Amino acid sequence: MADTKREIERKYEATDATRLPDLGRVAGVDRAVPRGRTELDAVYWDTPDLRLAAGSLTLRRRTGGDDEGWHAKFPVAVGVRDEIREPLSDTLPPSLAALLRSRVRHAEIAPVVRLLSSRDVHHLLDADGGLLAEVSVDTVLAERLAGEGSGATAAWTEIEVELADDADPAVLDAVEKRLRKAGVRPASSSSKLARALAETTPVREGTGRPQDAPRTAGDHVLAYVRKQIDAIVRLDPAVRRDLPDSVHKMRVATRRLRSTFKTHRKILDRGTTDPLGAELKWLAAELGLDRDQEVLDARLGARVDALPDTLALGPVRGRLRAWSAARRTGSRRRIVDVLDGRRYLDLLDALHALSEEPPLRPAASRKPAKALPRAVLKDHRRLATRVEHALALPPGPERDTAMHEARKAAKRARYAGEAARPALGKPAERFAKRVKALQSLLGDHQDSVVAREALRTLGVQSHAAGETAFTWGLLYGREEAAAEARERELPAVWARADAPGLRADLKHR
């Protein structure tokens, strides 16, 4: 079974002549204890076009040391990675292959770099003998096994400081202060693999230059599109690992991408984006099977918890748990099956192809200050039509439906503003912020509509079981009052999102 470890470490440049300063004098450290030298042999795997390395992911098979085996590492933040471990075997464990599938897709993976490291280990201990950090001086020999530079080698020495489990991260700062005082500086590469690839790849004239900043409307739209595609790919392993909020974030990325395709039909050709939009809608629906139930459970649970005991009559919490369990689909397993399926992998391939060869229309070459405001304001007019229709209706189911449609239009307008923000600056930021406030109000109203429907069902079930339905009726009334409050607030919130000055700023940016 895979083992997960949160790795928090810092790397430093060193030479063969570098000597560690006395780290026993570091603040908070009682003593530094030599632990001897270990010989490590690690083979790193990737696709021929280095897709894992491009995403700052690493996959290795390592022998030597007390944690030999297969290791897959996923970036969390600067200097922080999650390392997923599987026991040593001749072939890649299926669990790790699954976590890498969104990057690899249909491509083959094979050894690309071999690293031989001679590691001199020191433990930094506190006064009670507890481990604070492990400091290693690594003498590394790298050999390129495949691709450009195959057969090339590189050698270097580095210092690695890894925080112990549950230790105070301030230890890393204190160690760095001591190392800097001794003339040791942070490494320029984030990992051994990154350095090995950099030092064994032939340098060609004209390579290595930074990409040009976005200039056209198409550049800006594509930057936003690629950001959402990357989010879907990046979140795939987190969803498989069932990390908090990962399903919701992945679902939001699919919605943002699909919305952008609709907003910018004059920039990206519909012949390509419409079929992709349909597949993104399918993926969002699969991801949302239990997500919507989770949101509803949280709302109803909070409402029940807020009641005084004198008003929670009958087996309210038990009834709520049983109702929720009956509605859940077991989607954890279902979602993983979807992510392992051919349809999803084909969608990822298609999104990658769009990113590499975007189906640009003539409007893509226009200036951002001309094309992007038009698209944003068009979505705003669509939103205005739906909000004004909702406001014209009397309270009731028809208005509820109209407000839900307005909510969907608000999301699209908000995403359009967010996509335009790098090009249009503050006006687009203010626009997106105000439309988001409108979306939140409309969303809370819709959550109340869904909650009332659920409460009515719970009341009927309780009555049929011979229980009192009093509490469900009480909560229904409170949700009804909450919805009426949102409806009263709507005109003022809409007025802020529909302010002439807000639209004028976008036009004249």
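Computed from a predicted model, the values in this text were never measured in an experiment.
Salt bridge absent: Arg421 and Glu429 never bring a charged side-chain N and a carboxylate O closer than 4.0 Å. Using a cutoff of 4.0 Å between basic side-chain nitrogens and carboxylate oxygens, Arg343 and Glu286 are not scored as salt-bridged. In this structure, Arg185 does not pair ionically with Glu13, as no charged nitrogen and carboxylate oxygen lie closer than 4.0 Å.
Nearest heavy-atom pair, Ala497 versus Leu502, reported as atom, atom and distance to 0.1 Å: O-CD2, 3.8 Å. Ser246 and Asp242 get closest at one heavy-atom pair: OG-C, 4.5 Å. Between Ile267 and Gly218, the closest heavy-atom pair is CG2-CA, 3.9 Å. Considering all non-hydrogen atoms of both residues, Ile232 and Ala253 come closest at CG1-CB, 3.8 Å. Pairing each heavy atom of Ala413 with each of Val435, the nearest pair is CB-CG1, 4.1 Å. Nearest approach of Ser136 to Glu134, heavy atoms of both residues: OG-OE2, 3.8 Å.
Using a 4.5 Å heavy-atom threshold, the side chains of Glu294 and Arg291 count as touching. Counting heavy atoms from C-beta outward, Leu172 and Ile8 have side chains that approach closer than 4.5 Å. Side-chain atoms of Ser355 and Val225, non-hydrogen and from C-beta on, never get closer than 4.5 Å to each other.
Side-chain atoms of Arg256 and Gln228 form no donor-acceptor pair, as typed in the model, at a separation below 3.5 Å. Side-chain polar atoms of Ser150 and Arg144 form no donor-acceptor pair below 3.5 angstrom. Judged purely by distance below 3.5 Å, without hydrogens or angles, the side chains of Glu279 and Tyr344 never pair a donor atom with an acceptor atom. If you check the side chains of Thr47 and Glu108, you find no donor sitting under 3.5 Å from an acceptor. With no hydrogens or angles considered, no side-chain donor-acceptor pair links Thr4 and Arg241 at under 3.5 Å. A donor-acceptor contact closer than 3.5 angstrom is absent between the side chains of Arg195 and Ser189. At a cut-off of 3.5 Å, with distance as the only test, no side-chain donor of Thr272 or Asp269 sits close to an acceptor on the other residue.
To the nearest 0.5 Å, the span separating OG1 on Thr254 from NZ on Lys249 amounts to 14.5 Å. The CD1 atom of Ile159 sits 5.0 Å away from atom CG of Leu20, with the distance rounded to the nearest 0.5 Å. The line from CG of Leu235 to CG of Asp230 is 9.0 Å long, rounded to the nearest 0.5 Å. Here CG of Asp236 is found 7.0 Å from CG of Leu348. Values are rounded to the nearest 0.5 Å.
Listed by chain and number, the residues in a side-chain hydrogen bond (donor to acceptor under 3.5 Å, both in side chains) with Asp274 are Arg270 (sequence neighbours excluded). The side-chain hydrogen bond (donor to acceptor under 3.5 Å, both in side chains) test applied to Asp138 returns Arg119, Lys192, not counting sequence neighbours. Under the salt bridge (Lys or Arg N to Asp or Glu O under 4.0 Å) criterion, Lys281 pairs with no residue, sequence neighbours left out. Partners of Glu39 under the salt bridge (Lys or Arg N to Asp or Glu O under 4.0 Å) rule, at least two apart in sequence or in another chain, do not exist in this structure. Residues passing the side-chain hydrogen bond (donor to acceptor under 3.5 Å, both in side chains) test with Asp349, sequence neighbours excluded: Arg105, His106. Residues satisfying the salt bridge (Lys or Arg N to Asp or Glu O under 4.0 Å) test with Asp49, not counting sequence neighbours, are Arg51. Residues meeting the salt bridge (Lys or Arg N to Asp or Glu O under 4.0 Å) test with Asp340, sequence neighbours left out: Arg101, Arg240.
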Atom pairs and distances, donor-acceptor, side-chain atoms in residues 356-365, under 3.5 Å, two or more places apart:
from	atom 1	to	atom 2	distance (Å)
Arg361	NH1	Arg265	O	2.9
Ser365	OG	Pro362	O	2.9

Please tabulate, for the side chains in residues 69-80, all donor-acceptor contacts under 3.5 angstrom to protein atoms that are two or more places apart in sequence or on a different chain.
from	atom 1	to	atom 2	distance (Å)
Trp70	NE1	Ser89	O	3.1
Trp70	NE1	Ser89	OG	3.1
Trp70	NE1	Thr91	O	3.4
His71	ND1	Arg60	NE	2.9
His71	ND1	Arg60	NH2	3.0
His71	NE2	Asp67	O	2.7
Lys73	NZ	Glu7	OE1	3.4
Lys73	NZ	Glu7	OE2	3.0
Lys73	NZ	Glu83	OE1	3.3

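Residue pairs meeting the salt bridge (Lys or Arg N to Asp or Glu O under 4.0 Å) criterion with at least one partner in residues 365-381, sequence neighbours excluded, are Asp379-Arg412. Within the structure, side-chain hydrogen bond (donor to acceptor under 3.5 Å, both in side chains) pairs that include any residue of residues 163-175 comprise Arg10-Asp173 (at least two apart or interchain). For residues 18-27, no residue pair satisfies the salt bridge (Lys or Arg N to Asp or Glu O under 4.0 Å) rule, not counting sequence neighbours.
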Let's go through Lys5 and Asp82 carefully: what are the C-alpha distance in whole Å and the side-chain angles of both, what is the deciding distance for salt bridge (Lys or Arg N to Asp or Glu O under 4.0 Å) to 0.1 Å, and is it a yes or a no? CA-CA 6 Å; Lys5 183 181 186 301; Asp82 277 347; over 6 Å; no
Would Glu68 and Arg61 count as a salt bridge (Lys or Arg N to Asp or Glu O under 4.0 Å) here? Give the steps. CA-CA 8 Å; Glu68 66 178 12; Arg61 181 185 184 275; over 6 Å; no
Report the C-alpha distance between Ile109 and Leu59 in whole Å, list the side-chain angles of each, state the deciding distance to 0.1 Å, and finish with yes or no for side chain to side chain contact (heavy atoms under 4.5 Å, CB included). CA-CA 10 Å; Ile109 59 171; Leu59 171 67; 3.8 Å; yes
Quick one: do Thr263 and Val376 satisfy side chain to side chain contact (heavy atoms under 4.5 Å, CB included)? Show the steps, please. CA-CA 8 Å; Thr263 295; Val376 174; 5.9 Å; no
